[in-house]
Number of protein chains: 2
Amino acid sequence: MGTTKSNNFTSKQNRKAELFKALGHPARIAIIEFLINQKSCICGDIVEELPLSQSTISQHLKELKDVGIIKGDIEGAKTCYCVDDKVWRELEEISILLMSSYSEKNKCC
Amino acid sequence: MGTTKSNNFTSKQNRKAELFKALGHPARIAIIEFLINQKSCICGDIVEELPLSQSTISQHLKELKDVGIIKGDIEGAKTCYCVDDKVWRELEEISILLMSSYSEKNKCC
DNA sequence: TTTATTTATCGTAATATTGCGATAAATAAA
DNA sequence: TTTATTTATCGCAATATTACGATAAATAAA
């Protein structure tokens, strides 16, 4: 196998996993932090900043784009990447709900 | 390849990615939600609840345990799994910091 | 003691991910 | 037009992940 059995879970569970999975790589964390810190949103600047090849960065950008966390805006020959408000709020809400649903009272061991 | 170049990133970035990656599978989301909802913390009950084999569940539990999100307590022949307070707070803090570091003002496209 | 229950681990197969160089495709500059 | 820049995509190799059955190891029950 190697294939996740996503059919067996709720769409909410699948969505949560999908979003967290997209954050589950140091390069993608670095990309998001770079975009948030507004150093630039130009693809080429990200490539210069990170210690990975252009094609690898492009692939990570695509993964973030596929789940909706960022969006890309073609500006001439360059591409401007940006965090997507709506999906970022979705991620924020999912995280807060999940994190706050646990209370130390309901620990059993 | 297939190997993440974690040497090139900060330890904070690697830790964030590691934690989110652990949450990046629907089965592991389901396991955590099950534990938080306190239906039980017994491994066997998780196996009954989820549509995956015992060995697969055991593997997912190990992954969550390896990053520290849950801990296992052997009680006789059974094992009781539980969210780890300290790591859960770490995850909470990391998430809040990351999510709130983005503001819609600093969007550029 | 013998047998059943419970969970971890091993081995295997299939698929996914990561990373890179090469190349394509498109705009910008000369 | 020709050449340079910029980014996406293809193809490949190496490793990781997911899933399962079989088995081991340990406690519990008979």
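Order of the sequence lines sets the chain letters (A, B, ...), proteins ahead of strands, with each chain counted from 1.
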Sequence-distant partners of [X], side chain to side chain contact (heavy atoms under 4.5 Å, CB included), two or more places apart:
| X | answer |
| --- | --- |
| A:Gln13 | A:Phe9, A:Thr10, B:Ile29, B:Ala30, B:Glu33 |
| B:Lys5 | A:Leu52, B:Asn8 |
| A:Asp85 | A:Arg89, B:Tyr102, B:Glu104, B:Lys107 |

(message) Output one letter per nucleotide in nucleotides 5-10 of chain C: B when a protein non-hydrogen atom lies under 4.0 Å from the base, S when only the sugar-phosphate is that close, - when neither is.
(response) -SBBB-
(request) Tell me which residues in residues 3-21 of chain A put a heavy atom below 4.0 Å from DNA chain D, sorted by number, or none. (result)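 Heavy-atom cutoff 4.0 Å gives A:Thr3, A:Thr4, A:Lys5.
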(message) Using the side-chain hydrogen bond (donor to acceptor under 3.5 Å, both in side chains) criterion, which residues pair with B:Ser53? Sequence neighbours excluded.
(response)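 With neighbours one apart ignored, the set is B:Ser55, B:Thr56.
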(message) A:Thr3: which residues meet the side-chain hydrogen bond (donor to acceptor under 3.5 Å, both in side chains) condition with it, sequence neighbours left out?
(response)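 Applying side-chain hydrogen bond (donor to acceptor under 3.5 Å, both in side chains) to A:Thr3 gives none.
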(request) Taking Watson-Crick and G-U wobble pairs with both distances under 3.5 Å, convert DNA chain C into its dot-bracket string, 5' to 3', dots for unpaired and | for cross-strand pairs. (result) ||||||||||||||||||||||||||||||
(message) If you compare every side-chain N and O of A:His60 against the phosphate oxygens of C:dG19 (OP1, OP2), does one of them come in below 4.0 Å?
(response)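 Indeed, a polar side-chain atom of A:His60 lies that close.
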(message) Counting only side-chain nitrogens and oxygens, does A:His25 get under 4.0 Å of the OP1 or OP2 atom of D:dT17?
(response)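 Looking at the OP1 and OP2 atoms of D:dT17, neither is under 4.0 Å from any side-chain N or O of A:His25.
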(message) Just to verify, what does B:Lys78 make a salt bridge (charged side-chain N to carboxylate O under 4.0 Å, His left out) with, not counting sequence neighbours?
(response)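 B:Lys78: no salt bridge (charged side-chain N to carboxylate O under 4.0 Å, His left out) contacts found.
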(message) Please enumerate all residues that pass salt bridge (charged side-chain N to carboxylate O under 4.0 Å, His left out) together with A:Glu90, with sequence neighbours excluded.
(response)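 Testing A:Glu90 for salt bridge (charged side-chain N to carboxylate O under 4.0 Å, His left out), a comparison that skips the adjacent residues, returns A:Arg15.
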(message) Which is more 5' along DNA chain D, the nucleotide nearest B:Met1 or the one nearest B:Leu52? Just name the residue.
(response)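 Going by which nucleotide is closer to the 5' end, it is B:Met1.
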(message) Tell me every residue that passes disulfide (SG to SG under 2.5 Å) with B:Cys43, counting only those two or more places apart in sequence or in another chain.
(response)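 Residues passing disulfide (SG to SG under 2.5 Å) with B:Cys43: none at all.
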(message) Which residues pass the ring pair (Phe, Tyr, Trp, His ring centres under 6.0 Å) test with A:Tyr81, not counting sequence neighbours?
(response)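 Not a single residue meets the ring pair (Phe, Tyr, Trp, His ring centres under 6.0 Å) criterion with A:Tyr81.
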